[in-house]
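What you see is a predicted model, and the numbers here were worked out from it, not measured in a lab. Lettering of chains follows the sequences in order, A, B, ..., and the numbering in each one begins at 1.
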Amino acid sequence: MGSAPSPNDLPPRYDPSGLEGPLYERWVDNGLFHVAAADADRPYVIVIPPPNVTAVLHMGHGLNNTLQDVLVRRRRMQGYDTLWVPGTDHAGIATQNVVERQIGEEGSTRFDLGREAFVDRVWTWVREYGDRIIGQLRDIGCSCDWERTRFTLDDGLSGAVREVFVRLYEKDLVYRGRYIINWCTRCATALSNEEAEHRDHNGKLYRIRYRLADGGDIEVATTRPETMLGDTALAVHPDDERYRDIVGRTAELPLVGRALPIVADEYVDPEFGSGVVKVTPAHDPNDFELGGRHDLEALDVMTDAGAMNDAVPEPYRGLDRFEARKRVVQDLKTGGYLIAVEDHAHSVGRCYRCDTIVEPRLSLQWFVRMAPLAEPALAAYERGDLRFHPARYGKTYQNWMENIRDWCISRQLWWGHRIPVWYCGAPDCGDVIVARDDPADCPRCGGDVEQDADVLDTWFSSWLWPFSTLGWPDETEDLDAFYPTDTLVTAPEILFFWVARMVMAGCEFMGEIPFTDVLLNGTVRDHHGRRMSKSLGNGIDPLEVVDAYGADAMRFTLVRGSPLGTDLQLNNEDLEEAFRPGRNFANKMWNAARFALPHVRAAPDGAPISDELADRWILSRLARVTTEIDDAFEGFRLHEVAETCHAFVWGDFCDWYLELSKRRLGTPDDPAEAAGRTLTLAMDGWLRLLHPIMPFITEAIAERLPGREADASLVTGPWPSAREAWIDAEAEAAIDALREFVAAVRALRSEYGVAPGTKVTVRLRDASEALTRALDAERESLAALAGIADVRPLADAPSEAGAHAVLRGGGELFVPLADVIDLDRERGRIESEAERVGRLLSRTKGKLDNPGFVANAPEEVVEREQAKVVSLEEQGARLEEKLRSLTSG
RNA sequence: GGGCGAAUAGCUCAGUCGGUUCAGAGCGCCUGCCUUACAAGCAGGAGGUCGGGGGUUCGAAUCCCUCUUCGCCCACCA
């Protein structure tokens, strides 16, 4: 790992860009992120949600992958055999779209290229973006095992996909059939239910008159008038008195003239509109089912591209569906069929990849029968084996599982896994062959076979990810060692697409759920609260942030800013502001290290370290903080981990410990070099606690601490354990008292504008034991902390003019300020303080006077309130006394 | 039409079991400091009726009901 850097060679300026790259390469070169299956006694495993190869990563990925890395890094430090499996997703329809767009700009289409050449083009794209994505993950600091990088379309995973299809087919859980599916007319493919996003749409409701064959007419309403060209019946509710006598008669389809039977069906809601429904079995799922019950013809009236086909008469033939709609409405109007057009807000499905309005359409597709797969996946949740964080997502999962619908898995695309099905071309055979290996000819008749032209839904490979990446269907060592995985971190919008289906696949093919804890991270939004997206142009490129402020600063900002399940708003127009918390913190640590490193001394394990109050205090605080951080980790409250580290490093270590250590470091006051050794212990502790979140800067500092093995790295731990022996209530009480004392003097100095260089003598009366102890120990620090030249006892009535303060922890202090004191101001100050204490006192007394409180509240709460009264009364009395003396004097 | 989440300081957000001098942090703002690690800093401040209303309780930012606003998910009502 190269020679150990000398202790104090940190450059004066924190420059993450020069620091992070080399450290990352060293970690990878030393194999720190790799774990062999044979060594995995105590595994901890996460599989990455494979990013789509459609584009480079955005800040949402930055957040998602940082959270995974934080979890993974802590487990690795704890000694788990930690594996984070990386990889990318071929993202079938999405990737095909971006490449189609790319060739579109060159003026051609995928059909000009042909299937093979087009797929080659996509592979070119994939190689470029796949590499860039992996590069981004490395720049963020992700500690993935790169030797196990997978792609959903690589050979191994393709084999898994084929095996799964065949197995499901053999169990009759995959079937082919004609049903209504969501058809994207632009992508010219079927979509699953999940891939059609329903959004409100301000449409129209058209009320149309249909004539009855034997006289009279009847009103029908529709939002899609062009589909009437495919009507094959009308329907009413069987109990609807109004229409009882027309059931069984026929109506005439306007513009076409086709005779439509009138049927009665429970599906029709008599309350809606006229109570009569036009039935278009080929273009509406309900109509399709209704048609099945009444043996109606299903007439598909559109082409794949969404134009009216030859089943409709001229002049509609060949018109786009929306053109046809206009023409139909116009003709209805002309023909006197149109009763009214009303505004009608309703929900319309759109393609999740191109936003085109999907057409419900009868189509021959492949489906997965989901109910049997959902059963164990649901049971795992209900047993409590599968947990969601935040827990409320469990209900969403449960609800989806309970209302599961079959999954349309065939896509009329070129980019993806080919469906492993062949059809015999022999007219008298027509056998369907579903096979693990490509058949040369028809096994039944020896005739020529042709493979199904379609590919599988991209999620049909993703749902296998937790085990296909480990080598399944082969019984590999990896699979044995690392399945099931532990934690999944992903975004809530793919709960159904991916998470739920992975659980089903895990149960079905591995007999075990694929992970136990599912963490749902929030969405990254811009400062207007809008979701970041390419089309809005409001995204933030993680690399830009890493280049400018460092991966550590970005990671810290993200982790601290987003508790699980809550969205994160970032100012995309001012990156410096957005990432300032992380950047400032990293800079602070850097400068603290620059100060401390020249003074650190080796601290052998187990030796008693120091009797100094400050030393005992910082180690006690470190022990407590370690426990807090462990608790937060166990509850996946990573934002709390970040916050606690920040408060400790900045608020305790830098603001107080370093300041208190200054008088001793490198001086005869520290003969045994206790301060130098304590520095080492304290820094070693917080550097480790912070390493999962800010791996680079912590490693850079830690490797300069003394007493380390030459090739030691924080990456491999150990994770600090909270040392009970370091807990020191006495030292904590003393330093707390000192902090209050110093703060009080500073406040008085500031209040009266005492010049920074002016030293004051503070007089003190009735100081608490803790404060007395602290002042004895830290008298030498007082000048630097608060410009205090000396602390002397306070006589009962100070003869000089000055400012008073009463300490909560006990005691009263006086700062002689004859030159600057303003008695009115002092009186006002004391008055308002006395008022504040008085308010608190009466509130607290009120509680204690309430018999209900004393009777019902826990004893310790009551005792606390009683102690509070004593303290407040004491403070109040001192303040009143002071006020009297100021008034009389 | 159902279900869920959010509303706390100017901004972005914490606040676990209802109870600690509990109303907090960061950023921004004001005042004073280039104090020999750090001006990306230090010290001291200002700033909030915890969205409105009602309830439970000795006690509510926290639990219940309700209303308002915003956001998300699910749903075949033509």
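Checking Q875(A), E874(A), E873(A) one by one against S871(A), the side-chain hydrogen bond (donor to acceptor under 3.5 Å, both in side chains) holds for a single residue, Q875(A).
Put simply, the side chain of D284(A) does not reach to within 4.5 Å of the side chain of I180(A), judged on heavy atoms. Within the 4.5 Å cutoff, the side chain of L570(A) has no heavy atoms near those of the D526(A) side chain. Between P11(A) and W590(A), some side-chain heavy-atom pair lies under the 4.5 Å cut-off. Side-chain contact between Y393(A) and V518(A) is absent, with no heavy-atom pair separated by less than 4.5 Å.
Side chain of R746(A), nearest nucleotide from C13(B), G26(B), G44(B): G44(B). The side chain of A743(A) sits closest to G44(B) out of G44(B), C42(B), G5(B). Taking only side-chain atoms of S750(A), from C-beta outward, the nucleotide of A14(B), G44(B), A37(B) with the closest atom is G44(B). With G26(B), C38(B), U20(B) as the candidates, the nucleotide lying closest to the side chain of K588(A) is C38(B). Relative to the side chain of Q569(A), the nucleotides G5(B), C13(B), G26(B) differ in distance, and C13(B) lies closest. Relative to the side chain of N856(A), the nucleotides G45(B), C38(B), C58(B) differ in distance, and C58(B) lies closest.
Across the strands present, C72(B) finds its partner in G3(B); the criterion is a Watson-Crick or G-U wobble pair with both atom distances under 3.5 angstrom. Of all nucleotides present, only G32(B) satisfies the Watson-Crick or G-U wobble test against C42(B), with each distance under 3.5 Å. As the counterpart of G48(B), no nucleotide is assigned, since no Watson-Crick or G-U wobble pattern has both distances under 3.5 Å. Pair assignment for G24(B) gives C13(B), based on Watson-Crick or G-U wobble hydrogen-bonding distances that are each under 3.5 Å. Both distances falling under 3.5 Å, in either a Watson-Crick or a G-U wobble arrangement, occur for no nucleotide opposite U62(B).
For the pair E860(A) CD and G19(B) C1', the interatomic distance rounds to 9 Å; values are reported in whole Å. Between D526(A) atom CG and C11(B) atom C1' the separation is 14 Å, expressed in whole Å. At whole-Å resolution of the value, CG in L575(A) and C1' in C27(B) are 15 Å apart. Distance R13(A) CZ to C38(B) P: 11 Å, rounded to the nearest Å. Summarising the geometry, the separation between CG on L570(A) and P on C11(B) is reported as 17 Å, rounded to the nearest angstrom. The distance between atom CZ of R864(A) and atom P of C22(B), rounded to the nearest whole Å, is 11 Å. Between the OH atom of Y752(A) and the P atom of G45(B) there is a distance of 13 Å, given to the nearest Å. The CG-C1' distance, from N587(A) to G41(B), rounds to 9 Å in whole Å.
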>> Let's go through Y352(A) and E194(A) carefully: what are the C-alpha distance in whole Å and the side-chain angles of both, what is the deciding distance for side chain to side chain donor-acceptor pair (under 3.5 Å) to 0.1 Å, and is it a yes or a no?
In response: CA-CA 9 Å; Y352(A) 82 141; E194(A) 288 72 27; over 6 Å; no

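Counting non-hydrogen atoms under 4.0 angstrom, E628(A) reaches nothing in the nucleic acid. Across all strands, R580(A) comes closer than 4.0 Å only to sugar-phosphate atoms, never to a base (heavy-atom distances). Residue Q398(A) is out of contact with every strand shown, counting any heavy-atom pair closer than 4.0 Å. Within the 4.0 angstrom heavy-atom criterion, no nucleotide atom of any strand lies near D631(A). Note on L872(A): a base of the nucleic acid sits closer than 4.0 angstrom, heavy atoms only. Nucleic acid contact for K662(A): base, since at least one base atom lies under 4.0 Å from a heavy atom of the residue. Residue A592(A) is classed as a base contact, given a heavy-atom separation below 4.0 Å to a base. Within 4.0 Å (heavy atoms only), T280(A) reaches no atom of the nucleic acid at all. Residue-level contact check: R583(A) touches the bases, meaning some heavy atom is under 4.0 Å from a base atom. The residue P858(A) sits close to a base: some heavy atom pair falls under 4.0 Å. Using a 4.0 Å heavy-atom criterion, one finds that E576(A) contacts no nucleic acid atom at all. Here R843(A) lies in heavy-atom contact (under 4.0 Å) with sugar-phosphate atoms only.
No more than 12 heavy atoms of other residues, nucleotides or ligands lie within 6.0 Å of NZ in K845(A), so this atom counts as exposed by the packing criterion. Around CG of D849(A), the count of heavy atoms belonging to other residues, nucleotides or ligands within 6.0 Å exceeds 12. Dense packing is recorded around CD of E402(A), with more than 12 heavy atoms of other residues, nucleotides or ligands lying under 6.0 Å away.
Between the side chain of R637(A) and the base of A14(B), no donor-acceptor pair of N or O atoms lies under 3.5 Å.
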>> Protein within reach of the bases, or only the backbone? For nucleotides 70-78 of chain B, mark each nucleotide 5' to 3' as B, S or -, using heavy atoms under 4.0 Å.
In response: ----SBBBB

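Between N850(A) and G59(B), a side-chain N or O to OP1/OP2 separation shorter than 4.0 Å is absent. Within the 4.0 Å cut-off from OP1 or OP2 of C42(B), at least one side-chain nitrogen or oxygen of W650(A) is found. Checking the phosphate oxygens (OP1, OP2) of A14(B), no side-chain nitrogen or oxygen of T644(A) falls inside 4.0 Å.
At a threshold of 4.0 Å, the pair R637(A)-E643(A) does not count as salt-bridged, since none of the basic side-chain nitrogens sits closer than that to a carboxylate oxygen.
Using C1' as the reference atom, A14(B) and A9(B) are 13 Å apart when rounded to the nearest Å.
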